[in-house]
Amino acid sequence: MPTTTVALALAAAVLGLLAIAMGFVLGWASRKFHVAADPRVELLQAALPGANCGGCGYVGCSEYAGALAEGDTTVGLCAPGGGDCAQKLADILGVEVTESCPYRAVVHCSAHRDQRLQRADYDGERTCVSANLVAGVQGCTYGCLGFGDCAQACKYGAIEIVGGLSTINYEKCVGCGACSRVCPRNIITLVPFKAERMMVVACSNADAAADVRAVCEVGCIGCKACARVAPELVTMGGALPQINYDLYNPEESEALESVLEKCPRKRYLFVGRPTAEDLAAVADEELPEAVTADFKTTVDDTEWRG
Amino acid sequence: METLTALILIFIGAALINNFVLHYFVGICPFLGVSRRVDTAFGMGCAVTFVISISTLLNWTFTHFILRPGAPLPAWVWQSLGGSAQTQIDLSVLSYIIYIFVIASSVQFVEMYVRRFFPPLYKSFGVFLPLITTNCAILFASLEVLKHMQDSTELWGLPQALALALGGGIGFTLAIALMAGIREELDLCDVPRALRGAGIALIVAGIMAMAFMGFTGVEKGVETALGSLLR
Amino acid sequence: MTQPTPGKGGYIGQAWLVILLALLYGGGLAGVENALSGKIKANKRAETYSVIPDLVPGSDPDKTDEIMVRGENAKEGLVYRTRRTDGSHVGWVLPAAGQGFADRIELLIGLDSGVTTVRGMYVLNQRETPGLGDYITRADFQDLFRDKPADRPLAVVKTDPAADNEIRALSGATISSESVAAIVNRALANFREPLRALAVERSPGNARPDEAVE
Amino acid sequence: MSTEGTTNVPEEGPTALERFINGVLPENPIYRQLLGMCPTLAVTNAMKPAVTMAAATAFVLICSNIMVSLLRRLLKPHLRILVFTLTIATFVTIADRFLAAYVYEMSKQLGPYVPLIIVNCLIISRAEICASKQGLGVAISDGVGMSLGFGLGLATIATVREVLGSGTWFGLHVMPASWPNWGIMALPPGAFITLGLLLAVAEWATEKRASTALWRTVRMLWSWRH
Amino acid sequence: MRGVHPPERKDLAERAPIEVLPTPAEVRIALLQHLGAPCEAVHKPRTDVALGDVVGEAKGFVSAPVHASISGTTGRMSVATLPNGRHVAVVPIRAAEEQPLSDRALFDDVLGGEWPTAGLEQCEPEQIVDAVREAGLVGLGGAAFPTHVKLTRNEDRPIRTLLINGCECEPYLTADYALMMEAPKPIVAGALLAQRAAGASEVIICTEDNKREAAESLRQAAEGTGIEVRVLKTKYPQGGEKQLTVAVLGREVPTGGLPLDIGAVVLNVGTAAATARAVMRGKPLTHRVLTVSGAGIRQAKNLLVPVGASYRDVVDCCGGLIPEAARFVAGGPMMGFTIGSLDVPVTKGASGLTVLTQAEVRKAEETTCVRCGRCVDVCPLNLVPTKIAMASKANDMELAQRHHITACMECGCCAYVCPASIPLVQLIRLGKVRLPKG
Amino acid sequence: MAEGKAEKPDAAATAESKQEAPAVRVAPSPHISKTALTTRWMMSDVLVGLAPVVAMAVVLFRWYAVVQIGLCVLTCLVAETLFCWMRRRPTSIDDGSAVVTGAILGLSLPWSAPWHIAVIGSVVAIGLGKAVFGGLGYNIFNPAMVGRAFVMLSFARELGASAYVTDRSQLDVVTQATPLTIAKKVAADLAAGAITVGDAQVQMESTRQLWPLFLGNVNGSLGETSALAVLIGGLYLCLRRSASWEIPAGVILSGLVLAGAADRLGLTAFTALHHVVSGSLLFGAFFIATDPVTSPLTARGKFLFGLGVGVLLVLLRVFSGYPEGVMFAVLLMNATTPLLNRWTIPRPVGGPAPQPEKA
């Protein structure tokens with residue numbers, strides 16, 4: 001059957017020729033049109049599956065690789081690639097776990113609803129960020145508003161509003177910082193948990209004693225007693241003490257005890273109890289950028305309105 | 001005149017009535033994946049239209065000269081080897097491989113070319129090119145053309161093939177742009193959690209497909225109307 | 001596709017695997033095609049040939065031959081000439097296609113040898129509305145075309161047919177019914193005269209089946 | 001090019017059984033990964049074409065997985081997609097011809113969707129993720145698992161569409177004779193809407209998964225690797 | 001131009017003559033009462049200060065000093081939350097037994113007496129601006145923009161027109177109306193001084209056609225000065241700077257710009273009167289007229305109030321609250337701010353206190369937007385409020401900016417008409433806070 | 001309807017603070033509102049506007065109309081309750097939108113549609129048309145038209161042109177096909193050369209008079225027969241501002257122009273005026289296209305939307321396989337609404353805000 005033979009040969013030849021031609025043309029083109037790029041992009045791209053499925057939200061693997069190299073996004077968006085792929089990407093980017101202790105969110109307010117004075121009923125959009133735009137929802141302009149923006153933002157269900165106060169469940173908190181980013185009053189910070197229980201200042205009110213007393217039954221009155229007892233551990237930022245966590249040593253319990261004892265308003269609290277399991281769970285995860293304490297009341301950022 | 005009517009009909013058919021996405025379900029992946037923002041979706045649509053035209057052109061050429069039964073190139077080879085003129089060499093079994101090869105390499109070539117010489121264009125449009133390789137709309141257009149090149153009752157030439165490609169590309173752009181507009185709107189909506197993402201997008205696509213079903217029969221209407229107008 | 005890096009060696013040298021595979025696959029595919037093409041062609045043929053006895057009663061599918069005929073619109077079309085088992089010419093099967101309600105409809109028309117009567121109609125491909133337009137594939141609809149005159153256009157009516165060239169439309173699917181009638185009408189208009197000429201020219205007995213017909 | 005994902009990487013990754021289980025439910029190609037949407041929507045108006053399509057896809061997927069797994073040590077990173085495509089297209093052509101030869105009716109009905117298996121993301125992503133990195137056995141079981149998952153997905157959609165749209169299942173009447181067929185289910189909008197709603201159901205079921213016995217079983221199997 | 005017609009309710013306090021608030025026991029002078037940099041306190045606690053002494057010094061060009069509004073002794077610095085939400089430092093002054101001016105004399109000192117309209121040529125423009133700055137003058141219409149900044153001449157952008165704004169389009173408020181009725185002279189005199197300072201070629205006093213009597217009183221006072229008094233259609237927000245320039249001059253203030261950009265300066269009538277007092281009598285801005293109105297107050301009044309007096313003193317002077325009083329609004333009901341307690345000091349920019357009852361504030365429950373477009377129809381700035389609000393809520397700032405969120409002046413027309421009771425203004429404000437800084 | 005509120009964590013907080021009931025209430029401005037204006041009020045306005053249309057339907061189609069509309073409204077209410085329950089949300093049937101959807105759906109069906117069509121159409125309208133998007137205010141497509149299209153495509157036989165003429169009826173009005181069906185058939189026959197111009201005129205005789213079309217003494221869907229009733233109700237809505245006049249204006253304008261052009265070219269057997277008063281053009285223009293949720297926000301956008309609906313519906317009437325195109329035209333334009341909103345952002349007074357520099 002000569003037809004068969006020829007057809008066979010022709011088919012093979014056509015495909016082979018095409019392959020050669022393509023290889024040649026593309027090889028020539030890639031040299032000719034070469035654009036110098038971040039070498040990591042190519043590595044990243046090689047590590048990605050190349051399915052170009054668009055599932056990561058980027059148009060194709062190469063754009064995702066580009067975004068990764070620029071640091072615009074996180075590894076682990078590639079659904080077809082899965083965890084292995086994410087690990088590889090992380091290796092290429094040199095994303096490492098440098099911190100030895102996990103961060104956990106801390107709410108720097110401890111006044112429950114009935115401990116706050118000058119409260120008013122609020123008719124408006126029931127979110128903290130909106131309520132923060134209305135004066136007089138409560139007397140304290142620093143304290144937790146209790147509408148639960150943080151609870152909404154928490155993907156791990158670790159925040160609950162208890163008695164109008166945002167309360168963190170440290171069994172669930174992984175320290176992603178989502179809550180601290182949405183809090184309009186900036187009273188949630190990430191604290192390095194060197195022990196299962198950490199001492200924190202549970203108030204953010206930076207006003208003078210009389211003003212604090214006028215708005216809160218429990219707020220810190222800036223008496224500086226703590227700073228006198230432990231001058232290294234506690235520094236005063238205006239009328240508000242701040243714990244220096246670099247020097248914080250959970251083993252030196254006397255120092256901590258003395259601070260705790262001295263505080264007339266009992267605004268030093270021990271919070272948290274991350275379990276060993278929790279620690280292990282986040283040990284290999286990329287830690288988010290720490291949010292540093294910024295106790296300015298955010299209403300100062302808003303435009304002056306007459 | 002009849003050819004012109006046929007071209008118009010093929011174009012309208014591919015763009016509206018048998019819209020690639022909403023009727024033939026080809027190009028669903030980018031339709032769902034790249035329809036979150038109107039600008040991006042529009043860029044994708046333009047890129048698809050461009051690539052679909054190029055690759056249909058190339059594939060038509062390959063089919064016409066090599067792949068179809070009785071194509072000149074294998075016939076010439078056959079005859080120069082001493083075969084008889086009666087026997088046809090049919091290489092159409094290679095169609096699929098060659099099509100996907102041609103699509104992949106032309107996309108890559110265009111991508112490299114644009115990236116090197118028109119960086120701004122690459123930013124806005126070239127980034128979509130790799131994604132298009134796995135877009136079934138491109139291959140589908142070539143396959144449709146192939147079908148009509150094998151079909152004896154209605155043989156297609158290059159103009160018909162290009163009308164289909166262009167219509168398909170524009171229909172895809174239309175669908176994805178509408179979808180993107182709606183999805184931007186959906187971002188502000190209170191969609192039930194289980195439906196968020198692909199679920200609601202598919203349902204919107206379903207309703208859009210229902211709306212496009214309204215065009216059913218337009219081909220016939222236009223054909224009749226053009227017929228009576230030209231008479 | 002990933003971005004190829006400019007090769008250190010020859011680019012083609014790197015691609016030896018691809019080329020090898022291309023050759024292998026190409027050969028393999030040709031082999032498959034060789035093995036199966038006969039069967040596929042037979043399938044395609046059978047699709048038409050199996051209905052030929054139904055379309056032109058009395059014809060033997062095995063005795064049918066395919067000829068190319070130039071229609072009135074100067075386009076060539078394929079026509080099946082059907083014969084009885086004894087070889088005598090009994091009629092024609094004319095493939096036709098046209099726009100239906102939703103998409104193209106492809107059908108076969110059975111004609112007697114003198115092209116005076118439609119002997120049958122069969123819908124090959126259609127994508128009409130499910131549950132409505134697709135009733136045109138039902139036998140009772142296709143039977144409506146049986147023994148209708150082929151010398152003048154068929155008309156679709158919604159009432160019971162009064163004249164012999166009238167066909168009662170499917171309830172709710174008037175457009176599909178009309179489309180089918182229109183396709184039949186146009187095909188007949190195109191090929192009525194050329195087929196009649198052929199029939200006269202090669203009246204039963206002196207026709208040679210494999211002769212090329214212009 | 002680096003050594004990432006190519007020749008000298010020691011073989012690691014999920015075992016054959018895990019790959020198999022993954023494919024069927026936890027990483028179901030249709031409901032979890034949304035891969036291969038085009039045939040999922042196009043050929044599910046009835047069970048028969050859906051099953052045929054699933055079989056064709058399974059054939060291509062398993063064959064390409066085998067082929068890629070055998071060739072995995074020869075793959076150059078920048079040419080691997082080319083090889084995948086070539087392989088897939090070849091097997092698709094073979095599947096297409098076989099269908100045309102032996103189930104001609106189905107082949108006609110499926111039309112261009114058989115060749116479109118070439119661009120089904122599922123196959124290329126399996127080649128990339130599993131077959132090009134793991135041995136033959138794993139690749140085959142992955143292919144089988146994924147194919148089953150894909151077939152399951154197609155079958156669920158086709159069931160809904162065929163039962164509502166024609167009152168039949170595999171062509172057998174399952175609905176009472178008075179059932180008014182929902183014509184839309186056989187049309188494109190029906191495909192989109194059915195898949196959209198089924199995705200929601202799948203999503204909802206996964207949310208509630210902890211309480212379902214089925215899921216507990218799957219999880220138990222899953223935990224064998226630890 | 002578009003807007004709304006809320007019920008005016010001006011009849012409550014319209015006929016009430018301006019009364020003088022009895023000197024309160026303590027005033028609390030906020031160190032930030034204007035748009036710009038806060039002041040710095042100049043006295044230690046327990047210092048005796050006299051009426052008009054500087055209490056806080058201005059820092060920077062866009063700033064205004066604050067003055068003691070009563071004679072007395074300063075106390076320890078404290079904080080207060082102003083109605084706009086600003087948490088500011090305040091200087092308390094405990095009133096001395098003896099006050100220099102009796103109530104009647106105080107009224108005459110602030111608004112009464114003679115206000116010459118002739119012979120103002122001797123005042124140099126710089127002199128006027130300096131006097132205005134030292135007097136701590138800010139816009140009394142609400143925005144509290146330091147007045148001297150507005151009046152300072154700028155070679156690049158000459159001022160052609162001076163608009164004196166007496167529209168007072170907010171419901172309930174009648175402070176400006178009372179001022180125009182009772183003291184048109186200082187307004188006219190101040191307008192002429194401001195005209196000299198700014199170098200404007202024309203002065204137009206604008207008011208609405210529901211205040212025709214006030215317009216008449218001003219016309220008489222302005223006889224022979226070349227000042228035009230124009231009566232505009234009553235509509236909310238006719239008194240907005242942008243609306244006013246369009247209505248009077250037919251020109252639009254560019255978005256994000258000032259009236260200065262089209263050669264105009266807009267001063268409130270109260271500011272004009274205070275300008276006259278500052279220049280002609282050398283007295284700082286220590287008192288202002290405040291409307292106390294609303295169904296929740298026993299007796300609606302127009303009061304002359306020392307800056308820093310608490311709203312509680314003001315309410316007490318008006319006979320106190322009725323038990324149903326539920327909401328205290330500093331300002332009018334459309335743009336005013338609620339205060340959580342009455343212990344908030346009156347600032348220079350405060351224009352009134354509206355006390356609404358429980359029945360008036362019970363709003364219909366919020367439902368979802370049905371995109372009826374009524375907010376679009378009434379928006380005086382031609383915006384699409386619902387889109388901006390929804391974008392802000394969803395934190396889609398790109399969308400919000402595409403809809404020109406920064407152009408919104410928060411007049412409240414959209415939320416007023418919204419059938420779904422969506423707090424549109426609040427959401428838009430939220431969006432402005434969420435806008436990327438810089 | 002406190003959607004999205006109930007699950008907020010401060011629900012308990014509010015309840016608790018209610019007990020103490022502090023006298024002071026704080027809130028964002030403005031502090032007064034047009035209390036008469038609520039969503040429910042707008043919906044009841046639409047129902048008032050629909051009243052003449054419903055009345056006309058009852059007069060013409062008797063109890064068929066009562067049953068059809070009643071069934072749709074009832075099913076819509078049940079479906080609304082069901083879907084709210086599925087989402088664990090308080091029921092939202094009291095906002096009246098489900099009644100409006102049901103009424104419009106009922107009015108857009110032929111009198112002869114069997115009960116399952118009304119039921120399926122209503123459930124789909126509320127479910128796929130509204131609930132999946134999150135309920136009233138979020139839907140992209142007109143719910144009634146989604147339901148109508150769904151049953152139209154599902155049960156083409158029961159809703160096609162021939163469904164309007166059956167021998168089951170004892171009604172005078174339904175002896176003839178709908179005017180549009182006749183016109184479509186005649187135009188198609190004429191274009192195909194199957195009939196002569198004279199034949200066409202004879203066949204069009206029955207629908208040549210404008211008055212019956214205007215008054216409504218012709219066959220059709222329940223709500224579309226009487227142009228007069230639709231105009232009365234529609235103008236009421238426009239005057240009350242519950243519907244924007246820009247949309248019907250756009251529809252009628254472009255409908256007139258395009259239908260006139262089609263008439264000139266001989267593509268249709270109707271004049272422009274016939275096109276406007278026949279079929280559901282007016283009903284669609286005043287009651288369907290004006291659905292605020294699914295139409296653009298700005299006046300310019302609304303007018304463009306109306307123009308689009310008019311253009312599409314005449315094109316569909318002339319070219320497509322269906323005699324009527326309102327439903328598809330509205331759905332297609334609904335899909336473009338987000339883009340129209342995007343392109344018709346009005347210029348603010350004072351010009352666009354200076355854009356901050358892009359990083």
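Treat the numbers as computed from the prediction; the structure is a model and nothing was measured. Proteins get letters first, then strands, A, B, ... in listed order; numbering begins at 1 in each.
- Under the 4.5 Å side-chain criterion, counting only non-hydrogen atoms from C-beta, A:Q118 is not in contact with E:D343.
- In this structure, the side chain of A:D211 does not engage the main chain of E:S78 through any donor-acceptor pair within 3.5 Å.
- With values rounded to the nearest 0.5 angstrom, E:H87 atom NE2 is found 6.0 Å from A:N205 atom CG.
- For the pair A:T127/E:K393, no side-chain contact is recorded, criterion being any heavy-atom separation below 4.5 Å from C-beta on.
- The choice from A:S130, A:A208, A:G136 that makes the most heavy-atom pairs within less than 4.5 Å of chain E is A:S130.
- Listed here is the closest heavy atom pair of A:A135 and E:L82: CB-O, 3.6 Å.
- The contact between A:V129 and chain E is made by backbone and side chain atoms together, counting heavy-atom distances below 4.5 Å.
- Residue A:K224 places its NZ atom among 12 or fewer non-hydrogen atoms of other residues, nucleotides or ligands, all under 6.0 Å distant.
- Interface residue A:A131: only backbone heavy atoms are found under 4.5 Å from chain E.
- To the nearest 0.5 Å, atoms CD (E:Q358) and CG (A:D121) are separated by 8.5 Å.
- Closest approach of E:T81 to A:G139, counting heavy atoms only: OG1-O, 4.4 Å.
- Contact between E:Q426 and A:L133 at its shortest, heavy atoms only, is O-CD1, 3.8 Å.
- In this structure, A:E125 and E:L430 have side chains that are not in contact, with every pair of non-hydrogen atoms separated by 4.5 Å or more.
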